[in-house]
Amino acid sequence: MGRSTFILRVTIFLISLICVQGDTFHEELVIKPFLPAHLYTYFQFITLVNSESSEDTHLSPRSLLEIVSRFQVDELHFTLTEGQWRHRQWGYPVFDAAPGAELYAWFTSEVKDVDSQWKKLSAALSGLFCASLNFIENFNTITPQMALWPMSALPTNKNITSQLRYASLPREIVCTENLTPWKKLLPCESSQGFSALLNSRMIHNTNYHSIGVHVRKICASKDCSEINLEIKQTVSLVYDLNIIKSMDWSFTKLFGQGLPGACPLATSSKVYVDVTSNATRPFQLVPPPESVIYSQRGGSDTTFALYNIKADGQMVTIGAKHGSKNALTLSTPPPIYFNRYILGYGKEFGGIVTELINNFWTPIEVVVLENAPWWLPIQLSSLRINGEAKSDLVLSRYYSPGRSRQKPYHLELLMKLPPRSTTTLTIDFEFIFLKWQEYPPDANHGFYVGSAIITANLPTARNYTSLPISGSTFDSIINASKPWYPAVLRTNGAMVSLPTPDFSMPYNVICLACTVVALAFGPLHNICTKELVLKPTGTPVSLTQKIMNLFKKKQD
Ligand SMILES: *[C@@H]1O[C@H](CO)[C@@H](O)[C@H](O)[C@H]1NC(C)=O
Ligand SMILES: *[C@@H]1O[C@H](CO)[C@@H](O)[C@H](O)[C@H]1NC(C)=O
Ligand SMILES: *[C@@H]1O[C@H](CO)[C@@H](O)[C@H](O)[C@H]1NC(C)=O
Ligand SMILES: *[C@@H]1O[C@H](CO)[C@@H](O)[C@H](O)[C@H]1NC(C)=O
């Protein structure tokens, strides 16, 4: 190699270093088997935007950046989810999400009129993702006081909760229209890189799927004098291996195709396979992993097989092969899980029950946020904890009563759950009548009630799906030496059937009335319009003569 070539190479290297310094893009895929027969795949695309150079960026999605800067958003979380995460069987996902659409955001402290800014933000995102976020109004928005905390490096975190707004739309359905604009935000779109695996035909067939966008500000340096914007796009999918009809999985079986190499613009492209379950149910990875990472965090020992994917355009297919047929192994439940259901019969009163199960041997502190729409009035006086009105499990309480067509009901409880116990929260509601235009087209289907949010300080990081690298959800806020791990979880949603008028009645009345009119009209019309004319006759014919005439005709 001549000297000139060497100098040329160094120059190219330096130029590329300067160019890359603006933004970086990382793609990651985590695959984790759930015993006995589910498989969790989690995609994470992280774009780090150097806030100074956001004008001439080539990696970050401009449309989203513009929304974030125009509405002065500090942190934003938006998810669209179909299906229900089963915490008891599956442990905790990287990001939990409420069924349907969920949006919450913190605005910067410069924003004074947060409510109007919130409405504008949801309208803008609604256009960007083709979702019905424009249905977010004051009557379904709350300001959580204890349950949600920012993950950003907020420079002025004086009055955090007043800048926060939260809304969920449990009716929203996720479909291809939402996935396409979501993919457009990625630098490689869907031609190359991990997003090529996100084939809408395959992912809408899973048991659970959730797509999300999470924007936050993070410190670029130790003293936090410089701030970067992190845009994290996530996809969570849970496959039922019984539908694939074998415990052995591969990219082709899961996504319908292999991986066509890494995105050429990505700084790193990594696939992690959680092989911790190899101890209970052995399997082989094909091809064998490049390296194995051991992660020890808060009482959990996790082993990941790691693949570094290159952008050489070669098809990569990773798969697992199990040996002989294994006996099914059941997973033990995570430290805390929950159940939610509706009580009552008839069309007058009902109740929502939330059961919280602490499966751990120490007490766990949780915040429970109940958010009921205005058409489901819940009364604080009817709150019962384990059947009692007064309970010393409640450490703190916040209640904001709803107002008809203006404000939802919002209750937050900070509780200490005793070890190995089940705590039952019951709260009663009344059914009310809506105005006739307020019913959805399929009113008899029932009305969705959003899920409750449970924020817990978990004493152990077991059952988390966390990555052994930065960029994992909680890494910025957990210090590995801290004795607890924050988790924000959602219960399942619920459905109530409100008293619904019989919408077929007007139709029945119209039909009946029309039939009567039609039946009455014929004879009346006949009588009124027809003239009675006497037959010109010769000699009157007697009855016997008539009969005789009849027979004569027959004989002819
Ligand atoms: C936070 O803001 C709200 C509304 O703007 C205000 O009522 C409250 O007093 C503020 N709290 C603090 C600690 O400044
Ligand atoms: C699982 O364990 C077996 C035997 O201990 C080993 O041969 C195999 O490579 C392991 N599989 C993975 C994916 O680590
Ligand atoms: C939770 O973690 C423990 C220990 O790592 C494991 O035995 C159990 O199966 C896990 N449960 C779930 C639901 O993942
Ligand atoms: C984590 O906590 C330990 C002890 O509380 C402290 O010494 C350390 O500096 C913390 N690390 C970070 C990154 O905050």
Side-chain angles (χ1 to χ4, degrees), residues 29-42 83-96 207-208 236-241 246-251 254 270-308 316-339 356-362 364 419-420 454 456 458-468 472-474 480 484-485 487 489-492:
L29 165 61
V30 184
I31 301 178
K32 180 177 180 176
F34 290 141
L35 303 173
H38 285 91
L39 189 78
Y40 175 40
T41 60
Y42 170 74
Q84 184 63 53
W85 185 273
R86 299 190 215 154
H87 299 90
R88 197 201 148 118
Q89 287 98 335
W90 300 344
Y92 307 130
V94 181
F95 271 109
D96 206 357
N207 269 24
Y208 170 93
S236 298
L237 308 171
V238 177
Y239 290 86
D240 189 343
L241 295 176
S246 98
M247 288 296 120
D248 301 339
W249 51 265
S250 71
F251 278 7
L254 300 178
K270 291 179 177 162
V271 178
Y272 297 88
V273 184
D274 188 331
V275 294
T276 318
S277 70
N278 193 26
T280 42
R281 194 171 58 186
F283 61 94
Q284 292 289 342
L285 286 176
V286 189
E290 285 166 29
S291 56
V292 174
I293 302 175
Y294 300 97
S295 153
Q296 260 190 332
R297 233 171 79 173
S300 90
D301 289 310
T302 322
T303 316
F304 286 101
L306 171 67
Y307 296 86
N308 277 302
V316 182
T317 315
I318 297 171
K321 280 205 161 56
H322 291 78
S324 57
K325 272 227 166 9
N326 299 290
L328 289 184
T329 338
L330 288 173
S331 59
T332 53
I336 178 170
Y337 57 96
F338 19 78
N339 264 326
L356 305 161
I357 298 129
N358 177 2
N359 191 35
F360 203 64
W361 52 271
T362 59
I364 298 182
R420 298 218 181 275
I454 315 272
L458 297 178
T460 154
R462 279 196 291 157
N463 309 98
Y464 258 102
T465 308
S466 60
L467 303 181
S472 166
T473 314
F474 298 102
W484 47 266
Y485 299 84
L489 308 165
R490 274 76 171 176
T491 64
N492 52 309

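For ligands, and for the atoms within them, numbers begin at 1 and follow the listed sequence.
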List the atom of Asp248, the atom of His322, and the distance in Å for their closest heavy-atom pair. OD1-N, 2.7 Å
With only distance considered, is Val275 within less than 3.5 Å of ligand 2 through an N or O on each side? no
What protein heavy atom sits nearest atom 5 (O) of ligand 3, and how far away is it? Arg462 CD, 3.8 Å
Counting each atom of ligand 3 from 1 as listed, which ones have a heavy atom of Thr332 under 4.0 Å away? 6 (C), 7 (O), 8 (C), 9 (O), 10 (C), 11 (N), 12 (C), 13 (C)
Is there side-chain contact between Val273 and Tyr307, with at least one heavy-atom pair below 4.5 Å? yes
Under a plain distance cut-off of 3.5 Å, with no hydrogens placed, do Asp274 and Thr276 share a side-chain donor-acceptor pair? yes
Plane angle bin for Trp90 and Tyr208 - parallel if under 30°, tilted between 30 and 60°, otherwise perpendicular: perpendicular
Backbone or side chain, does any N or O of Trp90 fall under 3.5 Å from an N or O of ligand 3? no
Residue Gln89 vicinity, atoms of ligand 3 by number, heavy atom under 4.0 Å: 13 (C)
Taking only heavy atoms of Leu285 into account, list the atoms of ligand 2 that are under 4.0 Å away from them. 13 (C)
Within ligand 3, which atoms have a heavy atom of Arg88 less than 4.0 Å away? 13 (C)
Atom 14 (O) of ligand 3: nearest protein contact (heavy atom, Å): Asn463 ND2, 3.1 Å
For Gly91, take its heavy atoms, then give the atoms of ligand 3 lying under 4.0 Å from any of them. 13 (C)
When you measure from atom 12 (C) of ligand 2 to each heavy atom in Asn278, Thr303, Val286, Val292, which option holds the nearest one? Asn278
Nearest protein heavy atom to atom 2 (O) of ligand 2: under 4.0 Å? yes
Can you check whether Pro335 reaches Ile364 side chain to side chain, under 4.5 Å on heavy atoms? yes
Any chance you could measure Tyr42, atom OH, to Leu29, atom CG, to the nearest 0.5 Å? 11.0 Å
Output yes when a side-chain donor or acceptor of Arg490 lies under 3.5 Å from a complementary backbone atom of Trp85, and no otherwise. no
Short question: side chain of Tyr239, backbone of Leu254 - any donor-acceptor pair under 3.5 Å? yes
Report the nearest protein non-hydrogen atom to atom 9 (O) of ligand 2: residue, atom name, distance rounded to 0.1 Å. Gln284 OE1, 3.5 Å
